[in-house]
Protein chains: 2
Amino acid sequence: MIRTVPSRRQAIADDLRQQIATGQLKAGERLPSEAQLATRYTVSTPTLRSALALLQGEGLVEKIHGSGNFIRHPRRRLTYAGGTGTSASWTTTSALLRVSVRIMDLRAHGDLTALLNVPPSSPLTEVCSVTHEGESPHSLARVYVPRDLAPADFAGGLLSPADVAAHLAELRPPLAEVQEKVSARLPTLEEAATLRISTALAVLSLVRVATDVTGRVVEAALLVLPGDRADALFTTRFMIDERGPKE
Amino acid sequence: MIRTVPSRRQAIADDLRQQIATGQLKAGERLPSEAQLATRYTVSTPTLRSALALLQGEGLVEKIHGSGNFIRHPRRRLTYAGGTGTSASWTTTSALLRVSVRIMDLRAHGDLTALLNVPPSSPLTEVCSVTHEGESPHSLARVYVPRDLAPADFAGGLLSPADVAAHLAELRPPLAEVQEKVSARLPTLEEAATLRISTALAVLSLVRVATDVTGRVVEAALLVLPGDRADALFTTRFMIDERGPKE
DNA sequence: GAGTGGTCTAGACCACGAG
DNA sequence: TCGTGGTCTAGACCACTCA
């Protein structure tokens with residue numbers, strides 16, 4: 001159990017972490033090149049890179065291909081608020097957030113048919129959005145709605161996300177239930193590229209299914225949030241004289 | 001944007017994934033040694049290892065130092081049910097689950113004081129538990145309770161988890177609110193060792209804080225679930241004539 | 001084009017697991 | 001002890017970014 005050699009990469013990561021914590025390395029600053037760092041620590045480049053990979057995984061460092069490794073700004077964690085029926089609910093919604101939305105019509109296939117509980121090939125509207133805060137993408141959302149619940153002026157248009165949410169709310173009956181399945185995994189290559197994160201950084205993946213009072217699934221959403229920048233918060237309140245749900 | 005070379009490691013990972021999916025490689029089976037695989041795919045060992053790392057990240061392969069790489073059994077995903085006040089609530093609770101519990105007294109320090117909203121050094125009881133399904137650990141939980149809410153026969157004892165939950169429920173007033181903050185990250189070295197997972201596999205980290213009707217925090221729990229084996233599910237039901245929480 | 005990170009090689013040596 | 005994975009080296013060459 002004795003750690004004979006604390007592993008070069010751990011030692012290097014610890015050292016850099018320390019420098020970041022103490023402010024010797026400031027946010028936004030560029031680290032020396034990997035080759036220089038490798039020389040300084042007298043390790044080979046792959047070893048140094050694996051040390052940096054640890055820091056990336058912790059969200060302390062961001063690599064930008066071709067330009068260098070940068071100390072990340074003290075990450076402003078965003079909190080996704082669970083249990084609401086809205087398309088994008090951030091407790092820290094601020095003017096700083098910029099959202100790009102793309103709307104497309106498509107037909108149900110694969111997992112979507114099961115999620116939305118519709119027959120294959122039934123018409124859907126897909127709303128893809130990427131939330132940015134300044135330069136860095138903060139979330140990736142794909143929302144699927146049965147076509148008849150999507151306003152006609154959706155398709156092909158570019159609307160503000162507030163408009164999207166408002167329009168959706170208009171057409172559908174009151175929600176009865178929202179289920180959110182949360183999992184942790186590594187991002188796909190595509191997700192990593194969109195979110196500008198390393199494939200070694202964990203993401204929070206949420207699948208949200210909203211059902212209306214008639215039991216119909218009115219929305220299914222797939223959300224991907226970078227693990228270093230986002231949490232999801234779920235609050236359950238109990239009524240007096242109610243100890244909690246069944247079981 | 002054209003993918004010039006689909007990367008050796010991706011190609012190898014894809015090939016192995018395929019073989020697992022089609023059943024050419026069966027669950028529990030050992031893969032050829034890394035050296036043999038490297039030869040077969042005509043790549044160097046580090047490259048082959050990085051391909052295996054991808055599969056580990058997806059939970060398809062488990063490495064065991066000194067004995068080889070093994071195809072994981074079709075993972076029976078466990079689902080953590082959010083919004084309940086109980087210490088360990090699994091929707092798939094079954095006799096297969098074995099739980100080891102360790103109970104200790106300690107004093108509040110660091111983050112714990114803030115989480116539990118108690119002064120530093122105030123007495124707490126810590127319940128650590130590891131859930132196993134067969135050989136593989138499935139979750140790691142540390143539950144903190146103010147000492148006066150923990151039965152005297154807790155300390156130092158080894159109880160079944162059901163007993164723990166029952167005893168806790170007896171002493172405290174009805175819960176008013178449970179907050180669960182979910183995040184995705186990579187495991188610490190210690191967590192990875194306990195859960196027998198690679199440090200490259202994402203974990204779901206839950207912080208649950210339960211408050212009673214008087215506003216007192218009666219329990220804070222830190223849960224760590226391996227991303228490849230566990231999800232968390234949160235269900236929100238809306239009353240009629242209530243469109244959902246504010247905002 | 002100069003400099004950066006991304007990927008890969010072909011080894012070496014160490015640490016762990018099982019017989 | 002022997003075979004396995006774990007770590008590391010000292011380069012090579014490619015791809016991206018920016019001036």
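Chain identifiers are assigned alphabetically (A, B, ...) following the order of the sequence lines, protein sequences preceding nucleic acid strands; residue numbering begins at 1 within each chain. Note that the structure is a prediction, hence the values are computed from the model and not measured.
A 6.0 Å sphere centred on CG of A/Asp15 holds more than 12 heavy atoms belonging to other residues, nucleotides or ligands.
Considering all non-hydrogen atoms of both residues, A/Gly227 and A/Leu201 come closest at N-CD2, 3.6 Å. Between B/Thr45 and B/Glu34, the closest heavy-atom pair is CG2-O, 4.5 Å.
Rounded to whole Å, the distance from CG on B/Leu48 to C1' on C/dA10 is 14 Å. For B/Leu52 and D/dG6, the CG to P distance is 9 Å, given to the nearest whole Å. Taking atom CD of A/Glu62 as the reference point, atom P of C/dT4 lies 18 Å away to the nearest angstrom. Between B/His65 atom NE2 and C/dA18 atom P the separation is 11 Å, expressed in whole Å. For the pair A/Ile64 CD1 and C/dG6 P, the interatomic distance rounds to 10 Å; values are reported in whole Å. The distance between atom CG of B/Leu37 and atom P of C/dA10, rounded to the nearest whole Å, is 17 Å. If you measure from atom CG of A/Leu31 to atom P of C/dG3, you get 19 Å, rounded to the nearest angstrom. Between B/Arg30 atom CZ and C/dG17 atom P there is a gap of 15 Å when expressed in whole angstrom units.
With C/dG6, D/dG5, D/dT9 as the choices, the nucleotide that has an atom nearest any side-chain atom of A/Glu34 turns out to be C/dG6. Distances from the side chain of A/Arg9 to the nucleotides D/dT7, C/dT4, D/dG6 place D/dT7 closest. Listed nucleotides D/dG5, C/dT9, D/dC8 differ in distance to A/Thr47; the shortest reach to its side chain belongs to D/dC8. Taking every side-chain heavy atom of A/Lys63 into account, C/dG6 is the closest of C/dG6, D/dG6, C/dA10. Proximity note for A/Arg49 (side chain, C-beta onward) versus D/dT4, C/dG6, C/dT4: the nearest is C/dG6.
Taking for each of A/Val43 and A/Gly66 the nucleotide of DNA chain D with the nearest heavy atom, the 5'-most of the two is the partner of A/Val43. Between A/Asn69 and A/Pro46, the residue anchored closer to the 5' end of DNA chain C is A/Asn69, taking for each the nucleotide with the nearest heavy atom.
Here B/Thr42 lies in heavy-atom contact (under 4.0 Å) with sugar-phosphate atoms only. B/Thr45 comes within 4.0 angstrom of a nucleotide base, judged by non-hydrogen atoms across all strands.
Remark: the A/Thr22 side chain and the A/Gln24 side chain contain an N/O donor-acceptor pair separated by less than 3.5 Å.
Between B/Ser67 and C/dG17, a side-chain N or O to OP1/OP2 separation shorter than 4.0 Å is absent.
Salt bridge status for A/Arg142 with A/Glu126: absent, with no side-chain N to carboxylate O gap under 4.0 Å.
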